[in-house]
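What you see is a predicted model; the values in this text were computed from it and never measured. We count ligands from 1, going down the list as the structure has it; atoms in each ligand are counted the same way.
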Amino acid sequence: MSGPPSGLVATLLDRLDDPAWLVEAGTGSLVEANSAAWRLCPQATHGTNICDLLEPRLDAERWAQLCDQLHDEHHTIAAHLRGGDQVVGVRLTLSLHALDGRTVVLVAGTIARSEVVTEPDRVETDWTVVADTLDEGVALLDPTGRITSVNAAFCRFVGRSEHQLLDRTVHDPPWDLVLEDGGTPDPRTSAPVGALRTARTCDGPLLTPRHVKGERPWFRMAAHPLPGDEPGATLGAVVVLSDETPGRRAAAEVDRLLGADALTGLASRARIVQVVGSLMQDIVGAASAVRVGVLHVDIDDFRAINESFGPHVGDAILLQVADRLRDLGERRVEVGRIGVDEFLVVHQADGASLAFDARLRRLAEEVQRRLSEPFRVDGLTVRLTASVGVARSPGDAATADDLLVAANRALDASRSAATHPVEFHRADHGTGAGRGLAVDQELRAAIAQRDLDVHYQPLFDLRTGGIAAAEALLRWHHPLRGPVPPSVFIPAAESSGSIVAIGDLVLTTVAADLRSWIDRSILAPEVRVAVNVSATEFEHPQYVERLSRVLAEAGIPPQRVELEITESLLVQDLRSAARRLAELDELGFLIALDDFGTGYSSLSYLHSLPLHALKIDRQFVSDLRDGRSGTITRTIVSMAHHLGILAVAEGVETEAQRDVLAQAGCDIVQGFLYAPPLPMAAFERLAHDQARSRDRAGQLRVAADAR
Ligand code: C2E
Ligand code: MG
Ligand code: MG
């Protein structure tokens, strides 16, 4: 490696107390190492093959296999390192990175047991000593699948003694483990059997012992073949159980926090979408006519109450509203709160559509009646009215989201009528499509007239203080109306389909700007540009092809581009979205999950997606002082780290927020505290000034070193 990045990388590596090596993914040859690593293996030099440092030596094929797996996740292996004439037991965590347009592997080591230093010929016999110090469960298999050795963690995970495990075979395993859905895994397709049969590393699903009471431990079983001396021969396999409990616990905690409204304990929007979605599934499968209805309830003029009596009276009233809605009894399946003064009531029944509509109307009028009864708080008596919009399925919508949108449109109609009657959704309701159409026509003209402009907002690395990335954000300056916010025109463009043309415009602009920054060395090589991708764009059959072509034409490596997607893109068809993401990941693009925490609280899919970062939604950052948002933020950060990806916070406006985020371990921040989205020229100046001050600091360091 040559030039400044090498220095930077060496400096970063040296911050690690434990040994770390940076090696070329393709060849395994050593690019850089830190002081601890040079001390541990003094015989190594730049260019030494990492496989030669391992004992026994790793062959090129196994190295290639390891690198292949790194595309999905990082990987930890137990190994021995030859340091001079000694051999040391270590755990090596391997992860894939891009550096200067090259793919490199960071090999980070921890010494398995300090000072466990053995002579080379004792490596075989001493493995159990080392294995017992590992957090992972490890078992050795002979080529027939017989268990010949296990460590303490393995016994603990599967809840069996060493005696119960040894000499048993993985074809008829001596443990009783269940899958997440309660099913029993088939031994014929288990990871150990797969590794023995194919001589390749195999991963299995999450597992837990069947008879555990209380909180269950969850682990994943992977198996790695042990290559024999002869090519193609195996000595058996190593089975590794890694504990996934902390990650699952964090995910469950976020699910719980996101599933309920903190003030009233009612369901959140995400939970309602889940409930409605599963009820609608029943519709599809049912023989009789099952129907689902949603009431969207809005307290009229609630703001006036908060303003006249103060928020504590407002909160007390909302609690009573929640109680009155809960008391609807069997007539409601679920009640949620989705805005300050907006509630959803879900109802399900079977029968004819007219009868169902009549029931929904009675329920809605009952809601209005209950909420019109006086509320008493602190000696005050307050009277309210409520608008109600109703939508039902089948009829008004085919998905849970659309059903909620339809109820919302009906609510708009109720709000705008003088007496706020119960309104049922109708096709001619102000769907927003009419409004959207006008916006969309103007938008198409704006694309043609180039009234759209891309601004860039820098993202900063909290540890180094340097620019980590820039997010491209679209701006529309309307000749008459002035600036139109993306929150208005992006949804309109999405529903009309012109988002595809807009996406192209953003992409070609970003490609040209990035090319010019690279040519003029304005951005350091590790800085990437983030582009927002909407679901409609992403699902377009030619999306990957167009994206790759535009960047290739500008000569931009995919590693410099981060695609920001949202969870909405994953709910329709997770499998096909995951496939497309894997394709993008393979091409080298980085993928971030934007606005995280606001979407659909199922987090179980996260570990299976090739994500590079989680962006915590700015709603949580903006009220970090609130205990719940603080907890969600910290939990998301720890979950991101557990997944081995970056935690990014957007909307950072104050130093207090930055301090809380830094304390929570957040990696990257973005917000007005640092810089707003800037026109290209202004962003260039900022990046340039940053680079200059970095160079100056570097020169000072070099001068100090020379002295
Ligand atoms: P986003 O991707 O979550 O973008 C971040 C938003 O937060 C931007 O709003 C940004 O201006 C704003 N922001 C940044 N720092 C702060 C802060 O400290 N405080 C506050 N209150 N806000 C901050 P913007 O530019 O209005 O964009 C809104 C949304 O529109 C974006 O949310 C994104 O989802 C969408 N969008 C913007 N440009 C594009 C685009 O080119 N394509 C697509 N598909 N969507 C876009
Ligand atoms: Mg974004
Ligand atoms: Mg965002």
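- The side chain of P677, and not its backbone, has at least one atom closer than 4.0 Å to an atom of ligand 1 (non-hydrogen atoms only; side chain from C-beta on).
- Atom OE1 is the N, O or S atom of E564 at the shortest distance from the Mg ion (ligand 2).
- Contacts of V506 with ligand 1, taken as heavy-atom pairs under 4.0 Å, involve the side chain alone.
- For the atom pair CG (L459) and CD1 (I668), the distance works out to 6.5 Å, reported to the nearest 0.5 Å.
- At a 4.0 Å cut-off, at least one heavy atom of G651 sits close enough to ligand 1 to count as contact.
- Note: no N/O pair closer than 3.5 Å links I490 and ligand 1 by distance alone.
- At least one N or O atom of F672, backbone or side chain, sits closer than 3.5 Å to an N or O atom of ligand 1.
- The backbone of V652, and not its side chain, has at least one atom closer than 4.0 Å to an atom of ligand 1 (non-hydrogen atoms only; backbone = N, CA, C, O).
- Every atom of ligand 1 is numbered from 1 in the order shown, and the set under 4.0 Å from a heavy atom of D595 is 3 (O).
- Within D594, the N/O/S atom positioned nearest the Mg ion (ligand 2) carries the name OD2.
- Panel note: side chain R515, backbone G555; a donor-acceptor pair is recorded below 3.5 Å.
- Closest to the Mg ion (ligand 2) among the N, O or S atoms of E471 is OE2.
- More than 12 non-hydrogen atoms from other residues, nucleotides or ligands lie less than 6.0 angstrom from NE2 of H455.
- In this structure, Q690 has no side-chain hydrogen bond (donor to acceptor under 3.5 Å, both in side chains) partners at least two apart in sequence or on a different chain.
- By the neighbour-count criterion of 12 heavy atoms within 6.0 Å, atom CZ of R520 is densely surrounded, having more than that number from other residues, nucleotides or ligands.
- Distances from atom 12 (C) of ligand 1 to the heavy atoms of E650, R618, Q657 show the closest one on R618.
- Checked against a 3.5 angstrom limit, the closest N/O atoms of D594 and ligand 1 fall inside it.
- Contact between R475 and ligand 1 is present, with at least one heavy atom of the residue lying under 4.0 Å from the ligand.
- Within 6.0 Å of the CG atom in D301, the count of heavy atoms belonging to other residues, nucleotides or ligands does not exceed 12.
- Among E537, Q670, E471, Q457, the residue whose heavy atom lies nearest to atom 15 (N) of ligand 1 is Q457.
- When each of D504, V510, T508 is paired with V506, the side chain to side chain contact (heavy atoms under 4.5 Å, CB included) condition holds for V510 and for no other.
- Nearest to atom 10 (C) of ligand 1 by heavy atom, out of L473, V531, I502, is L473.
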request  = Show your reasoning for whether salt bridge (charged side-chain N to carboxylate O under 4.0 Å, His left out) applies to E342 and R415.
outcome  = CA-CA 12 Å; E342 291 183 41; R415 273 195 199 118; 3.6 Å; yes
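- Ring geometry, Y456 versus F683: the interplanar angle falls from 30° to 60°, so the pair is classed tilted.
- Counting only residues at least two apart or in different chains, side chain to side chain donor-acceptor pair (under 3.5 Å) contacts with residues 660-682 comprise Q457-Q670, R463-D667, E471-Q670, K615-Q670, H641-D667.
- With ligand atoms numbered from 1 in the order given, ligand 1 contributes 17 (C), 18 (O), 19 (N), 20 (C), 21 (N) to contacts under 4.0 Å with heavy atoms of E653.
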